[in-house]
Amino acid sequence: YLSQKRDRKIDKPFEAIGEANQLQKKGMFLEAAKVLKKAFENTAHPELLETIEALYQQSGAEEQILEIIGGIHKSRQKAIPASLLYAKLLYQNNQLEEASKVLGQVNIPSITSKDNKTYFENKGTGGQLNEKWRKLNHSIRFLIAIRQERSEDALNEARTLLCEEDILN
């Protein structure tokens, strides 16, 4: 019984992606985005965000889908990847102040291990935050600082993005 229940839970995000793909084929982009949002709020599965982002790019209904993603960011089940995706899309729409506010609400606690490597934790899952999302966080912060001519902040973000250790080893 328990393994069946676990398997059903694992299948949920993929069922939602399948349903969203069907809706998208019918031109029902907003409905597809809502299905993905609901599934993400229930599972926090990152692949759902990637699918929402692809929908956003293809839909022609960017503003409404951006609102849906903003809804995920503002929901009680805040997920760092959802907030970062929201900030990225705001940045792409030249909404720098709004993107900056969203990033200000993203708190990624870091932990330094014995080998002096820094890992970032996602409080929602308790595990390590995916390197892709960590890099996106600092990239957006860097680009906003550059566009707003805040060179000190840009330099600090660049330091985080460009690890000297990677070049020397």
Q) Under a single-linkage definition using a 4.5 Å side-chain heavy-atom cutoff for Ile, Leu, Val, Met, Phe, Trp and Tyr, are Leu96 and Ile69 assigned to the same hydrophobic cluster? A) yes
Q.
I need the minimum non-hydrogen distance between Pro46 and Trp133, along with the two atoms involved.
A. CB-NE1, 4.5 Å
**Q.** Side-chain heavy atoms of Gln105 within contact of His73, under 4.5 Å
**A.** yes
Q: Before accepting this row, confirm whether a basic side-chain N of the pair Lys37/Glu41 lies closer than 4.0 Å to the acidic partner's carboxylate O.
A: yes
(Q) Does either side chain, that of Gln57 or that of Glu62, offer a donor lying less than 3.5 Å from an acceptor on the other one? (A) no
Q. Nearest heavy-atom pair of Ile52 and Ala33: which atoms, and what distance?
A. CD1-O, 4.5 Å
(Q) Are His138 and Leu103 packed together at the side-chain level, in the sense that at least one heavy-atom pair is separated by less than 4.5 angstrom? (A) no
(Q) Just verifying a value: how many Å separate Lys88 NZ and Tyr56 OH, rounded to the nearest 0.5 Å? (A) 10.5 Å
Q.
Using side-chain heavy atoms (C-beta onward) and a distance below 4.5 Å, is Ile140 in contact with Leu136?
A. yes
Q.
Quick check for you: to the nearest 0.5 Å, what is the distance between Tyr86 atom OH and Glu67 atom CD?
A. 8.0 Å
Q | Transitive ILVMFWY side-chain link Leu155 to Leu162, under 4.5 Å | A | no
Q: Tell me yes or no: between the side chains of Arg134 and Asn137, is some donor less than 3.5 Å from an acceptor?
A: no
Q: For side chain to side chain contact (heavy atoms under 4.5 Å, CB included), just list the numbers for Lys74 and Val102, CA-CA rounded to whole Å, side-chain angles, deciding distance to a tenth of an Å, and then say yes or no.
A: CA-CA 9 Å; Lys74 293 173 185 141; Val102 170; over 6 Å; no
Q | Minimum-distance pair of heavy atoms, taken over all atoms of Phe40 and His45 | A | CD1-O, 3.3 Å
Q: Carefully, step by step, assess Leu55 and Gln24 under the rule side chain to side chain contact (heavy atoms under 4.5 Å, CB included).
A: CA-CA 8 Å; Leu55 249 181; Gln24 184 180 354; 3.9 Å; yes
**Q.** Note: Lys132-Glu50 ion pair, threshold 4.0 Å (strictly below)
**A.** yes
Q: Provide the closest heavy-atom pair for Thr43 versus Pro13 in the form atom of the first, atom of the second, distance.
A: OG1-CG, 3.9 Å
Q) Are Leu36 and Leu66 co-members of a hydrophobic cluster defined by side-chain heavy atoms under 4.5 Å apart? A) yes
Q: Indicate, with yes or no, if Phe29 and Val35 share a hydrophobic cluster defined by side-chain heavy-atom contacts under 4.5 Å among Ile, Leu, Val, Met, Phe, Trp and Tyr.
A: no
Q) Roughly how far apart are Ile17 CD1 and Glu19 CD, rounded to 0.5 Å? A) 11.5 Å
(Q) With a 4.0 Å cut-off on N to O distance, would you call Lys26 and Glu31 a salt bridge? (A) no
Q. Are Gln148 and Asp153 close enough, and set up right, to give a side chain to side chain contact (heavy atoms under 4.5 Å, CB included), and what steps lead you there?
A. CA-CA 10 Å; Gln148 294 178 338; Asp153 292 340; over 6 Å; no
Q) Do Tyr91 and Glu98 pass the side chain to side chain contact (heavy atoms under 4.5 Å, CB included) test, and can you show the C-alpha distance, the side-chain angles, and the key distance before you say yes or no? A) CA-CA 8 Å; Tyr91 175 83; Glu98 197 59 35; over 6 Å; no
Q) Do Leu23 and Lys34 have side-chain heavy atoms sitting under 4.5 Å apart? A) no
(Q) Please report the interatomic distance CG(Asn21) to OG1(Thr51), rounded to the nearest 0.5 Å. (A) 7.0 Å
Q. Just how far is it from atom CD of Gln64 to atom CG of Leu30, taken to the nearest 0.5 Å?
A. 5.0 Å
Q. Given side chains that start at C-beta, do those of Leu49 and Leu84 come closer than 4.5 Å, heavy atoms only?
A. no
(Q) Restricting to non-hydrogen atoms, name the atom on Ala32 and the atom on Ala20 that form the minimum distance, rounded to 0.1 Å. (A) CB-O, 3.5 Å
Q. Are the side chain of Ser75 and the backbone of Ile72 linked by a donor-acceptor contact shorter than 3.5 Å?
A. yes
Q: Kindly give the heavy-atom pair with the smallest separation between Ala39 and Ala16, and that separation in Å.
A: CB-CB, 3.4 Å
Q) Can you tell me how far OG of Ser139 sits from CD of Glu157, rounded to the nearest 0.5 angstrom? A) 9.0 Å
